[in-house]
Amino acid sequence: MPQETFVRVAIDRPLDRLFDYRCPPELRPLPGQRVRLPFGRTDTVGVVMESVETPAVASSRIRALGALIDPDPVLTAPLLELLRFTARYYHHPLGEVVLNALPPALRRGAPLPDPRVPESLWRADIDADQPRRIGPRQQATIDALREARAPLTRDALNDLTGLGLRRAELERMAARGLLAAEPAASGTPEPSEDGGPAVPLTPEQRDAIAEIIGQTGRPTVFLLDGVTGSGKTEVYLEAAARSLARGGQVLILIPEIALTPQLIQRVSRRFPGQVAALHSGLAAGERLRAWDDARRGERPLLLGTRSALFTPLPRLGLIIVDEEHDPAYKQQDGLHYHARDLAILRGHIESLPVVLGSATPTLETLEKARSGRYRHLRLGTRPDGSRPPAVNCLDTRVHATDEGLSAPMLDAMRRTLAQGRQCFILLNRRGFARVLTCDHCGWVADCPRCDAHLTVHASIRRSICHLCGFTQPLTESCPQCGQPLRHLGVGTQRLERALSRHFPDTPLMRLDRDSIRRRGALERSLETIRAMDAGIVVGTQILAKGHDFPRVGLVGIIDVDQGLFSSDLRAAEQTLQLVLQAAGRAGRAGDPGEVLIQTGHPEHPLMRALRAGDYAAMVGPLLDERRHSGMPPYGYLALVRVDGPGPEATQRQAEEMARELRRHAREVRVLGPAPAPRHRVNRRYREQILLASSRRATLHHTLGETRRHWEEHPPPRNLRISIDVDPITLA
DNA sequence: AGCACGCCGACT
DNA sequence: GTCGGCGTGCTC
């Protein structure tokens, strides 16, 4: 009798199990292949995980597979292994994890894009000096096409310009006779070769590249540790070039593509036609195309944000994680994975080197580099010969501040501007004022849905909750006693207004999430800043990201104190990183810049360390502290969160969870439940339980057993339980 | 999660 | 009488 075969299938449901199906004789799906299947009363999409001889449930319950969606697997075997681990490690349903690795269109069962259908290629089609009214976007498009000297796809154009051009926009330009479209010739166009690196490499850079390439095919992890301006990007690009030259694919992860348009442009220019970019700004179709181009090796270099980690890359040879300290690598909802940690795991599974780059590495990474588990590559010298900036504190108890600004800060700004250099003023709070309050009766404008004050946004005359987005019109007088209200605390918008009064004739810009919301606004702002001579830029941490500016003489930090005294696990570390990243903007090409920090606590150990200026030295005491308290990297944490519509039921459920966790705890401390630091967000109440252990295994045992229990005795539907393994913040 | 079944309240 | 509220149970 012919042997029947069965497959075990992953499905996009929050059920922590796989489902077995009978294979009709003509269907022999391989692991990683998408299939359509009957599920309950409907049809759904699944991914085959493995073949099995005997199903896990009685054969009477087994149903037959519907159909294959693709002729071949869409996910590779090593990627499936990574996804299995991910589900186990983060205690998340495997089906959701697996389907999450697919672009949304494929998750819903859409067909793969047909690689034989070429995209349009665009070229400039305009007489050189024909006088015409052309907008800045159109001009930039035409300039990019002329510079490329070859017709480009829309994707390639967007990579080069960062404009996010839509098809309709290009078609409008074509209708006006500015552009012409032609179908792509067979095969990829090979635009003009850009040659090797633009600047000669330093010996340190050459050594780093040689070390990385020397580990090809081995799961070696590198920490590429170098201050701003030390040329980490050149090391990435050159290592990538050599890996590509050997026929491998390269994955470069970056924290947020939207904030680093310069990097995409730089990579696209260096590797024309070879780069696929994957990030949240893409429309569904573009995302699918980029993903599939990377999967098929059509574009062997994939540049993307954290989710790009799950892209199948059959010939992957090298992974680079840029700015590894950036918390954006940790997904904060649903599947709480850390893309940097999983990148390292992927390196092990696929046996390839992983490069973690940062000027301010996390304590976790530094500790592993110090203990020798990672190879530590240092780029100490800046290729342009500049020295690091001097860091000084301004004691706000001595120097009073008005709208956030002290007199010495203003003096330093005047000096810097007089030298023809720029001032960057960093304040990590957007909006106008922190709160709206009444001096007479003490009323404060609070969010009706969260435990948070509403932030004043004067420009749009509204108050906004930064937690849930609730907004309401600004009121002039107190709703309780009718007295006029006062704006308390300073945000970037208020700082901008104050500075425009102090420096009425100086160019002034603001850079924060609100100012760059419109498409292309960030690119325009960065361009303006770069073109500006002396001037002032006010902004949030976006200012501290790795943009390159040539003329910054002063970086002023308005308020670090909330970072010094926050009780959160990583507050000190992250404050250090933020200040140093910001400081990295100061001083280029011979001119050391200056960093001025306003603080009420200049004697605080962190501030003393900052003045000394050496990140590695500052980290020592922080690591000691972590060791003594058993915190990461010397101990392991997991956070169990319960949230629900009412405070009492949520608390009861959290208490039951904690009881269950304690029942299974072996060498695991179970702390709580306690109301989460922001107890109420978006009309939901949140309780949390912290698990701590000196061993990973015991933590996972406790979580696993508890999870099994609640799968069997599920809590009411309106209560949600989520597990955050290796939480980045306890808030 | 989806989806259906099931058992109680105010409508044409 | 029946449309529809959301509690509960199941999915190979």
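Letters A, B, ... mirror the listed sequences (proteins, then strands); counts begin at 1.
- A:Thr365 and A:Glu324 share a side-chain donor-acceptor pair at under 3.5 Å.
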Each nucleotide N or O in nucleotides 1-6 of chain B that has a protein N or O under 3.5 Å away: list the pair and distance.
{"residue": "B:dG2", "atom": "O6", "partner": "A:Arg717", "partner atom": "NH2", "Å": "3.0"}
{"residue": "B:dC3", "atom": "N4", "partner": "A:Arg717", "partner atom": "NH2", "Å": "3.4"}

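- Rounded to an integer number of Å, the gap from CZ of A:Arg63 to C1' of C:dC10 is 12 Å.
- Base contact: A:Arg17 has a heavy atom under 4.0 Å from a base atom.
- Protein atom CZ of A:Arg22 is 12 Å distant from nucleotide atom P of C:dC12, rounded to whole Å.
- Look at CG on A:Asn718: it is 10 Å from P on C:dT8, rounded to the nearest Å.
- Atoms CD1 and NE2, on A:Ile723 and A:His336 in that order, are 9.0 Å from each other to the nearest 0.5 Å.
- Taking atom CG of A:Asp20 as the reference point, atom C1' of C:dT11 lies 13 Å away to the nearest angstrom.
- Checked by atom type, the side-chain pair A:His453/A:Asp446 shows a donor-acceptor distance below 3.5 Å.
- If you check every strand for non-hydrogen atoms under 4.0 Å, A:Pro38 touches sugar and phosphate atoms only.
- Spacing between atom NE2 of A:His713 and atom P of C:dG9 amounts to 13 Å, rounded to whole angstrom units.
- Atom CD in A:Glu50 sits about 14 Å away from atom C1' in C:dC12, given to the nearest Å.
- Aromatic pair A:His664/A:His709: centroids not less than 6.0 angstrom apart.
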Output side-chain donor-acceptor pairs under 3.5 Å for residues 43-52 of chain A, partner residues at least two apart or in another chain, one line each.
none

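- Counting only N and O atoms by type, the side chains of A:Asn428 and A:Thr540 include no donor and acceptor under 3.5 Å apart.
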